[in-house]
Amino acid sequence: MPGRALTRWVAGLLGLIGFAVLAVLVLVHPGSFPLDRWLHRLAVEHRQPVLGLASFVTNFGTGPVLVPLLLLAGIVAARRTGVRWVVLAGVAGLLLGQGVRLLAMVLVDRPRPPMSDWARFASGTSFPSGHSTSAALGYGLMLLLLAPSVHGRARRVLLSIGLVTVAGLVGVSRVVLGVHWPTDVLGGWSLALLLLAVAALLFEKLGLCPDPMPAAPTSSVP
């Protein structure tokens with residue numbers, strides 16, 4: 001099995017195990033865990049200096065931000081591959097992921113932290129965090145679509161770091177705003193990792209994500 005495919009299978013397996021373990025723990029122990037409560041209280045009591053920033057950053061995990069960015073990434077990928085329907089590949093992946101996430105939220109049905117701690121209104125149940133899942137999945141799909149068009153290892157690394165950082169900050173913002181337990185965010189990241197691994201394998205199968213750094217040609221020695 002090629003190295004990249006193996007890496008994606010391993011990432012998908014880690015995401016599946018992480019999400020399954022957290023979901024089972026939440027189902028067996030409804031409510032919050034001691035570490036959840038401690039981190040939640042720590043965030044709520046010390047959030048005032050960064051509350052405005054958290055309220056702004058959390059918007060980067062919403063559809064009105066993610067969908068246009070995914071369409072732009074799809075346009076770049078479509079121009080590279082010459083396949084027009086790729087424009088909608090990222091948005092389709094995000095919507096399918098949302099369906100899985102909503103199903104998980106309904107099945108687990110975990111209560112959110114106390115409403116008195118909320119700095120922003122939130123709807124639905126708590127596990128997994130919707131913003132965290134959407135951001136990790138959305139920016140991960142952008143990376144899959146954009147990376148093959150970015151020339152140079154350093155630029156691809158910077159792109160990866162930038163997108164991962166934004167997704168991570170969205171997850172942290174949900175805890176700072178008091179609307180999710182930390183394990184909700186971890187569950188969202190785990191689910192997104194699983195979905196991204198599946199998307200990466202599918203994209204590669206369809207030829208949409210070729211290796212941006214092909215191996216150097218070998219020369220024969222006379």
For [X] against [Y], the heavy-atom pair lying closest together:
X	Y	answer
Trp181	Ser126	CD1-OG, 4.0 Å
Leu137	Leu94	CD2-CA, 4.0 Å
Leu191	Pro128	CD2-CG, 4.2 Å
Gly171	Ser132	CA-OG, 3.3 Å
Val150	Arg155	CG1-CB, 3.5 Å
Arg80	Leu145	NH2-O, 3.7 Å

Do we see a donor-acceptor contact under 3.5 Å between the side chains of [X] and [Y]?
X	Y	value
Thr58	Arg174	yes
Asp36	Thr183	yes
Thr125	Arg110	no

Any heavy-atom pair between the side chains of [Y] and [X] that's under 4.5 Å?
X	Y	answer
Met142	Leu66	yes
Leu51	Leu177	yes
Leu13	Val10	no
Phe33	Leu25	yes
Val57	Leu53	yes

Heavy atoms of other groups near Arg84 CZ, more than 12 under 6.0 Å:
no
| query | More than 12 foreign heavy atoms under 6.0 Å from CD of Glu45: is that the case here? | reply |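 Atom CD in Glu45 is packed in, count exceeds 12.
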In the single-linkage hydrophobic clustering (I, L, V, M, F, W, Y; side-chain heavy atoms under 4.5 Å), do [X] and [Y] co-cluster?
X	Y	value
Phe121	Phe56	no
Leu35	Val21	no
Val106	Val26	no

Is the side chain of [X] donor-acceptor paired with the backbone N or O of [Y] at a distance under 3.5 Å, no angle test?
X	Y	result
Arg37	Ser32	yes
Arg112	Ser123	yes
Tyr139	Phe60	yes
Trp189	Asp184	no

Taken in chain and number order and not counting sequence neighbours, the residues that satisfy side chain to side chain donor-acceptor pair (under 3.5 Å) with Arg41 are Asp117
Once side chain to side chain donor-acceptor pair (under 3.5 Å) is applied, do any residues pair with Ser190, and if so which ones, sequence neighbours excluded?
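For Ser190 there are no side chain to side chain donor-acceptor pair (under 3.5 Å) partners, ignoring immediate neighbours.
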